[in-house]
Colleague: 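I am attaching a structure below and will ask some questions about it afterwards.
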Amino acid sequence: MGNKKNNIKRPGVKTLSIHHGETFAKDTGCVMPPIFSTSTFKHGNKDNFDYTRSGNPNFRILENILKSIEDSKYCTVFGSGISAVTAITSTLKSGDKILCESNLYGCTVRMFEKIFKKFGLEVLYTDFTNKNNIKKIANFEPTLIWLESPTNPLLKVLDIKAICDEANKLQIAVVVDNTFSTALIQKPLDLGATLSLVSTTKFINGHSDALGGAVLTNNEVWNSKMLFSQKALGLQPSPFDSWLITRGVKTLPLRIEQQTQSAEFISEELENHKKIISKVIYPFNQRHPQFKLAKSQMKSGGSMITLKLNLNKEDTFKFCKSLKYFSLAESLGGVESLICHPATMTHASVDEKTKNLLGIDDSLVRLSIGCEDTDDLISDILFALNKF
Ligand SMILES: Cc1ncc(COP(=O)(O)O)c(C=O)c1O
């Protein structure tokens, strides 16, 4: 799949998301692969499956699709996005330094701070939207650089190529957590990243009914490390979740199209409601501080919108709970719209001082725009706003 040889045109992303190639179901003719619910495999099988902790046909099928949409050489799937974070971080050793963008997903920060620091990992943070900090990477002497773009929940857009160019000169590996965009919106490896990480729980699956993660790379050594982490740390997904995510990813391009169109429209519309919404943050909104970069780096602005409200904590929750089509819930990227209060939910584990410095306060809410009709979503938000 995706073969450029013999002048064969590379299929489009909608085709690649649906055609997964081998189903590992021999000559049954099944169109959808079965769920290979087995912990172990008889030795001597042609695909060298051994034990599900280190590989399973359902993992392989999902990995093949993710590789083809990202156009990467390798992919390893994990039990969650956080398992993928664990897989990468556990390759480091005591004394190594990880240089992070200052705004990352709260549970990634919690893992670095509460788990890996105990084992001697040094964790440093910098604001990568400041160009001077990109030039100063060498001063930190990092072993690994950890980015998200757009970041969770502030939707800062980082210049992935500029950061990777600097890091590559210094031979420092760069991880980009691409959960908010997926390969359909931006391809970190093409921009120079060593590893592209995605929580497949979110957009890739899209139906909020399974957990998963994946790491994609073109680097053979890193690929071996990921396979080793998967089996040695027991970070593998279940065959059933992999099967569900394989089913979900087939509609990823269609969902992203719909969700993005709605998000662009809603973000523009909400600019007209300054009385309650003091700030609309959306990468393709002209007022976004990295608007030009976002336009050049991303195919669309995605479907996450962050709002700063002129409301206190109590009223912010009242607003969240009075929405009909947006459930107040953790997570994002599903067909159903969600609203989240990062300060007390996704970033609850980040210390108060850091949250205040970053601006993740009680008046900040994050919307994940789903696949409902755009009109219904905007009417829902406007109706809730009119209560204040
Ligand atoms: C940017 C980002 N990375 C990683 C994760 C972790 O993914 P999971 O919940 O699948 O472990 C999340 C979860 O919200 C996330 O938002």
Side-chain angles (χ1 to χ4, degrees), residues 62 66 76-90 98 100-116 128 146-158 160 174-183 185-186 188 193 195-216 229-230 233-238 241-242 244-245 248-249 259 281 283 298 302-306 327-334 336 338-350 358 360 364-370:
L62 178 57
L66 296 179
T76 310
V77 290
F78 295 97
S80 64
I82 276 296
S83 303
V85 176
T86 311
I88 297 172
T89 318
S90 65
I98 186 161
C100 306
E101 152 57 30
S102 53
N103 172 213
L104 293 180
Y105 170 51
C107 298
T108 301
V109 174
R110 179 176 64 189
M111 180 182 306
F112 295 160
E113 292 290 327
K114 298 270 161 58
I115 312 283
F116 283 99
F128 272 114
W146 200 286
L147 311 176
E148 269 174 31
S149 183
T151 63
N152 183 358
L154 299 171
L155 306 182
K156 288 165 68 177
V157 176
L158 313 184
I160 299 176
V174 180
V175 181
V176 176
D177 183 333
N178 203 29
T179 299
F180 274 30
S181 296
T182 80
I185 295 180
Q186 75 190 3
L195 302 161
S196 171
L197 180 155
V198 69
S199 161
T200 54
T201 312
K202 319 293 180 193
F203 291 97
I204 302 277
N205 180 43
H207 293 77
S208 309
D209 52 10
L211 285 157
V215 177
L216 298 113
S229 292
Q230 186 195 53
L233 294 165
L235 298 173
Q236 78 294 336
S238 76
D241 276 359
S242 305
L244 278 173
I245 297 166
V249 76
Q259 289 170 274
I281 311 175
M298 301 165 72
S303 62
M304 305 300 294
I305 305 174
T306 296
S327 303
L328 177 62
E330 302 269 353
S331 207
L332 57 114
E336 58 290 310
L338 299 178
I339 187 160
C340 158
H341 186 254
T344 57
M345 294 166 71
T346 50
H347 291 68
S349 58
V350 177
L358 291 171
I360 304 175
L364 196 84
V365 294
R366 191 193 73 186
L367 303 174
S368 171
I369 305 297

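When a ligand or atom number is given, it counts from 1 through the structure's own listing order.
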Colleague: For Glu148, give me all partners under side-chain hydrogen bond (donor to acceptor under 3.5 Å, both in side chains), at least two apart in sequence or on another chain.
Modeller: none
Colleague: Check whether Thr200 reaches the backbone of Gly212 with its side chain - one donor and one acceptor, N or O, closer than 3.5 Å.
Modeller: yes
Colleague: So does Thr86 get a backbone contact from the side chain of Thr89, meaning a donor-acceptor N/O pair under 3.5 Å?
Modeller: no
Colleague: Tell me every residue that passes side-chain hydrogen bond (donor to acceptor under 3.5 Å, both in side chains) with Thr201, counting only those two or more places apart in sequence or in another chain.
Modeller: Ser199
Colleague: May I have the N/O to N/O pairs between ligand 1 and the protein that fall below 3.5 Å, each with atom names and distance to one decimal?
Modeller:
residue, atom, partner, partner atom, Å
ligand 1, 3 (N), Asp177, OD2, 2.6
ligand 1, 7 (O), Ser199, OG, 3.1
ligand 1, 10 (O), Gly81, N, 2.8
ligand 1, 10 (O), Ser199, OG, 2.8
ligand 1, 10 (O), Thr201, OG1, 2.6
ligand 1, 11 (O), Gly81, N, 3.1
ligand 1, 11 (O), Ile82, N, 2.9
ligand 1, 14 (O), Lys202, NZ, 3.1
ligand 1, 16 (O), Asn152, ND2, 3.0

Colleague: Check for a donor-acceptor pair, side chain of Gln230 on one end and backbone N or O of Gln236 on the other, with a separation under 3.5 Å.
Modeller: no
Colleague: Applying ring pair (Phe, Tyr, Trp, His ring centres under 6.0 Å), name anything that partners His341, two or more places apart in sequence or on another chain.
Modeller: Phe317
